[in-house]
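In this text, all values refer to a predicted model and were calculated from it rather than measured experimentally. The figures here come from the full heavy-atom set of this structure, side chains too, leaving out hydrogens, waters and symmetry mates.
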Amino acid sequence: AFDDSGNLIIPQPLRQLTTADLAGVWIDGPNRMTTDYVHSGSGKSAGRDTTAYEVKTTFKSDGTYSSFFNSVRKKYEQESGTTTGPYSIDGRLLSIQGKGYNGKGTVTTKWVIRGWMELPSMTVLELAGPWYDDAPIPEVNFTDFSSYESKYRGTTRWIRLK
């Protein structure tokens with residue numbers, strides 16, 4: 001099913017997801033962000049900056065993961081890194097622990113599981129977030145799945161090919 005804008009509707013999970021459900025390689029991206037800069041006084045363009053990135057995360061059913069991040073900025077600057085650690089699912093909350101991509105400190109990244117769809121060639125996982133460490137997660141992310149605003153709540157989709 002598609003919404004009024006032609007976007008695929010990813011339904012809520014019908015059951016509690018487990019680490020076995022997430023086992024496999026998930027892709028977030030490729031994504032592209034463009035930032036336009038303007039002079040504060042004149043409002044005229046001060047250029048633009050584009051970053052393309054992709055994250056591939058391999059979840060294992062034993063509750064561990066490995067995530068590879070790669071980004072390219074302005075065709076010249078490339079950044080990549082791998083982080084590993086444990087992950088868990090508690091209700092609708094996916095928590096991933098590991099070192100930050102800068103290699104310093106331990107960070108817990110939290111995502112709210114908002115959708116799950118298994119198709120013949122792929123599985124789609126829709127998430128809201130991320131929130132880091134002890135940052136509060138607004139309750140509306142766990143409860144509002146049907147309002148107009150709910151589809152603009154910072155969601156992302158990860159894809160696992162079969």
Between Asp133 and Lys110 the two heavy atoms that sit nearest each other are O-NZ, 3.0 Å

Side-chain heavy atoms of Ile113 within contact of Leu127, under 4.5 Å
yes

Can you tell me how far the CH2 atom of Trp158 sits from the NZ atom of Lys56, to the nearest 0.5 Å?
15.0 Å

Nearest 0.5 Å, what's the CD1-OG1 distance between Ile27 and Thr58?
9.5 Å

Give, for atom OG1 of Thr155 and atom CD of Glu126, the distance between the pair rounded to the nearest 0.5 Å.
4.5 Å

Are Ser95 and Asp90 side-chain neighbours, meaning at least one heavy-atom pair lies under 4.5 Å?
no

Give a yes or no on this: more than 12 heavy atoms of other residues, nucleotides or ligands lie within 6.0 Å of atom CG of Leu14.
no

For the residue pair Leu119 and Lys162, what are the closest heavy atoms and their distance?
O-NZ, 3.0 Å

Tightest non-hydrogen contact, residues Asn141 and Ala128, listed as OD1-CB, 3.8 Å

Checking side chain to side chain contact (heavy atoms under 4.5 Å, CB included) against Met117, which of Thr123, Leu125, Ile10 comes through?
Ile10

Minimal non-hydrogen separation, Asp21 against Trp26, with atom names
O-CZ2, 4.4 Å

Between Ser61 and Thr19, which heavy-atom pair has the shortest distance, and what is it?
O-OG1, 2.9 Å

Spell out, as yes or no, whether a donor-acceptor pair under 3.5 Å connects the side chain of Tyr65 to the backbone of Thr83.
no

Are Ile96 and Phe59 close enough that some pair of their side-chain heavy atoms sits under 4.5 Å apart?
yes

Heavy-atom pair with the smallest gap, counting every atom of Trp116 and Arg160
CH2-NH2, 4.0 Å

Supply the atom-to-atom distance Tyr132 OH to Thr108 OG1, rounded to the nearest 0.5 angstrom.
11.5 Å

